[in-house]
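Just follow the structure's listing: the first ligand is 1, and inside any ligand the first atom is 1. For the numbers below, each heavy atom of this structure counts, side chains included, while hydrogens, waters and symmetry mates do not.
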Amino acid sequence: MNVINFCHVLSVKIRNNVWMDPLPDSSFIRPKGQWYFSNSWSKKMEHDTIDEKVEIRTNYFKPIWRWIPDVQNDFAARADWCVKDYASANHHPVIRLKKSELDVYAKAGSKLKFDASNSIDPDDDTLKFKWWQHEEAGTINKVIDESHAPKIEFRLSKDAKPGSIIHLICEVSDNGIPSLTRYKRIIITVIQ
Ligand SMILES: [Ca+2]
């Protein structure tokens, strides 16, 4: 099964008041009673070194690990704020989109433009831009190529089905120490 398609499946009820993402492994039976890391699916997979299994595990946890460097840097900056004066510490960029709405409705085949060039950094750091599609969150596989310009422009496929959803992420990082990143998520819904 295509792992990305699998991630589009909504959480499933495991037991009373416990909802989780479905696992990409129908052979795994969730343990009864108390759950620990030691009896988890991820622990089981940790011992599997077959390339295909490693890829499945890596993709399954991508929604978590892709953010970790930014989370760690954010924490490091906050630690700096405790012991340094304002000018000696780094602070996050501020993303300013020219069109501020984050919920966008667009017809199949239409052209879309987004512009984050007005973004600023409170320390006057140099900014890096990255636009990318958060595929696991949406319902259409990759339709947007990653871009590193302050602006992005693309056309929706004429075949895009009404009701389909694309999550577009605008990521802006500075060159301070540690480098800090902010995000904006634009949710594009295809309409008739
Ligand atoms: Ca900064």
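- Taking the Ca ion (ligand 1) as the corner point, the angle from Asp125 atom OD2 to His91 atom O is about 170° (rounded to 10 degrees).
- The CZ atom of Arg57 sits 8.5 Å away from the OG atom of Ser42 when rounded to the nearest 0.5 Å.
- Restricting Asp123 to its N, O or S atoms, the one at the least distance from the Ca ion (ligand 1) is OD2.
- Geometry note: the Ca ion (ligand 1) is the vertex, Asp174 OD2 and Asp121 OD2 are the arms, and the angle is 120° (rounded to 10 degrees).
- Proximity of the aromatic rings of Trp65 and Tyr60 is defined here by a centroid distance below 6.0 angstrom, and this criterion is not met.
- For an aromatic pair to be called close, the ring centres must be under 6.0 Å apart, and Trp131 with His148 fails this.
- The hydrophobic cluster containing Leu168 does not contain Tyr105, counting ILVMFWY residues as joined when their side-chain heavy atoms lie under 4.5 angstrom apart, directly or transitively.
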